[in-house]
There are 2 protein chains.
Amino acid sequence: MMSRKDAAARLALTEPVEDYLKAIYELETRHGVAATSDVATALAVAPASVTGMIRRLAMHGYLDHVPYRGVQLTDDGRRAALRTIRRHRILESYLTSVLGYPWDRVHDEAERLEHAASDELIERLAVALGHPTQDPHGAPIPTVDGTVDERPHRTLADLAIGERARMVQVSDKNPQLLRYLAEIALQPGTAVTMIAKAPFGGPLTLRIGTADAMVGPSLAEQVRVEPVTDARTVPPRARKSTTG
Amino acid sequence: MMSRKDAAARLALTEPVEDYLKAIYELETRHGVAATSDVATALAVAPASVTGMIRRLAMHGYLDHVPYRGVQLTDDGRRAALRTIRRHRILESYLTSVLGYPWDRVHDEAERLEHAASDELIERLAVALGHPTQDPHGAPIPTVDGTVDERPHRTLADLAIGERARMVQVSDKNPQLLRYLAEIALQPGTAVTMIAKAPFGGPLTLRIGTADAMVGPSLAEQVRVEPVTDARTVPPRARKSTTG
DNA sequence: GAGGAAAGTTAGGCGAGCCTAAATTGCAAA
DNA sequence: TTTGCAATTTAGGCTCGCCTAACTTTCCTC
Ligand SMILES: [Mn+2]
Ligand SMILES: [Mn+2]
Ligand SMILES: [Mn+2]
Ligand SMILES: [Mn+2]
């Protein structure tokens with residue numbers, strides 16, 4: 001009998017392998033499960049290709065797979081995924097903070113460098129940045145030993161009229177959205193107040209600093225916020241100086 | 001009839017492809033020709049694998065191949081090779097100058113990053129460094145448009161007794177050698193005088209600054225120098241502050 | 001000029017990652 | 001409960017980049 005591994009050589013953590021594990025981790029944390037077709041969409045490959053890779057990853061102990069029922073990361077799988085995510089987010093931070101990259105263009109660069117950089121390089125970057133805890137888009141950076149603070153957040157769309165909040169995070173995968181957010185000065189750490197909500201999926205009016213901005217509901221759903229109880233703008237933890 | 005390309009899709013500049021072109025370029029400039037077996041040694045692959053890749057590179061116009069007679073880079077091939085070499089050397093420079101990497105460990109890191117970094121990143125690094133013209137090992141950095149100043153150099157072993165020279169370059173591929181050179185403070189830009197040469201391949205005595213060092217002839221052959229006519233130590237062009 | 005060694009190429013094969021087309025399974029609606 | 005559709009897996013096939021073993025060519029030596 002055999003179930004996993006056996007005589008097989010250890011699976012090489014190639015670029016595709018790392019990207020699959022990362023995608024499965026992200027789907028699992030966001031939606032509870034990682035469906036084959038969702039992984040396929042995320043990685044822009046055919047569903048059949050995902051099935052093949054899942055078989056290989058399961059064989060090597062990175063995930064548990066019940067055919068037709070779904071997939072679940074093992075501890076090894078989660079560890080490997082978080083390692084890649086840490087690399088990705090530290091790279092994004094360095095590119096923006098030190099090299100002046102605009103925050104809408106760091107993702108693609110980090111997507112490739114995350115596989116090529118050595119552990120030593122990543123830790124040198126982390127040191128140069130003073131061990132950052134969030135990336136430029138507000139995503140938490142896993143520690144070396146694989147701890148992350150992935151708190152669930154409300155979105156801008158959830159804010160009641162008059163409610164005040166601090167922007168905490170936005171997906172890094174939509175450059176157009178990121179450019180627009182930069183335009184209206186809405187970045188992690190920024191305080192924002194819901195001024196008005198037009199009915200039937202109409203635009204929302206926000207106050208950001210002294211200016212007002214109108215945004216659509218689909219944008220508002222992608223921006224994660226943390227309600228602010230008192231009038232203070234400064235976040236409870238470290239303040240970040242993002243972008244330029 | 002067909003000779004090259006035809007219906008074939010454009011060759012992807014993958015990591016192996018870029019490394020082959022780079023290796024062929026380096027052998028061609030150092031020895032005039034790039035022998036199949038030398039490429040195989042340089043890349044640690046079997047000679048048969050080299051033949052296969054050569055076929056593919058020739059088919060796509062990156063080199064001219066006469067079976068059993070050798071290989072020659074075309075303009076396209078040289079351009080692609082120099083692009084990778086520029087990336088490699090800028091990365092090495094950045095890793096040492098900015099991130100404090102020791103010069104004996106930058107090569108391996110650059111060997112992988114050179115394929116993953118975008119043009120934009122490389123040029124940002126170049127700007128941050130003030131457009132360096134040499135890498136930490138003294139190798140000239142090709143310009144964006146593919147110009148290099150690959151002058152032939154004498155080696156330390158060629159120096160006559162009493163002759164004074166400036167160290168200009170050393171191969172980046174031997175970490176042990178690099179560590180030893182750092183130990184005796186022999187780096188690009190350093191002035192060195194030949195004090196004595198023991199006969200029959202015996203050790204050479206060098207004066208570096210105020211200290212003397214004894215080195216073997218095989219080391220001396222790997223260190224490239226430029227004779228200094230007057231007593232000045234400052235090189236004719238830009239002075240480099242290498243390593244730390 | 002004839003061997004023979006060394007260099008190079010060809011033949012055949014393998015795994016990784018991808019694809020399309022054809023099953024198969026699960027689920028939800030009729 | 002049947003049926004139909006969507007999701008998933010299987011089957012078969014492709015390219016890339018590598019391997020070993022067997023061959024051909026070159027070139028050096030006698
Ligand atoms: Mn990203
Ligand atoms: Mn990636
Ligand atoms: Mn190097
Ligand atoms: Mn390389």
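Just so it is clear, the model here is predicted, and its values are computed rather than measured. Numbers restart at 1 for each chain; the letters A, B, ... are given by sequence-line order, proteins then strands.
Ranking D/dC18, C/dT20, D/dC19 by closeness to the B/Tyr20 side chain, first place goes to D/dC18. Among C/dT10, D/dT9, C/dC18, the nucleotide with an atom closest to any side-chain atom of A/Pro16 is C/dC18. Closest to the A/Pro67 side chain, of the nucleotides C/dT9, D/dC19, D/dT9, is D/dT9.
The closest donor-acceptor contact from the side chain of A/Lys197 to the backbone of A/Pro217 lies at 3.5 Å or more, if one exists at all.
A/Arg69 comes within 4.0 angstrom of the backbone, heavy atoms only, and of no base. Among the protein residues, B/Ala12 comes within range of no part of the nucleic acid, since none of its heavy atoms lies under 4.0 Å from any strand. Residue B/Ser37 is in sugar-phosphate contact alone, with no base atom involved, counting any heavy-atom pair closer than 4.0 Å across all strands shown. If you check every strand for non-hydrogen atoms under 4.0 Å, A/Thr36 touches sugar and phosphate atoms only.
Between B/Glu18 atom CD and D/dC16 atom P there is a gap of 16 Å when expressed in whole angstrom units. Atom NE2 in B/His60 sits roughly 11 Å away from atom C1' in D/dT15 (whole-Å rounding). What separates CZ of B/Arg55 from P of D/dC16 is a distance of 10 Å, to the nearest Å. One atom, CE of A/Met53, and another, P of D/dT8, lie 17 Å apart when rounded to the nearest Å.
Side-chain contact, B/Thr147 with B/Thr143: a donor N or O sits under 3.5 Å from an acceptor N or O.
A side-chain contact (heavy atoms from CB on, under 4.5 Å) with A/Pro142 holds for exactly one of A/Glu150, A/Arg86, A/Arg79; it is A/Arg86.
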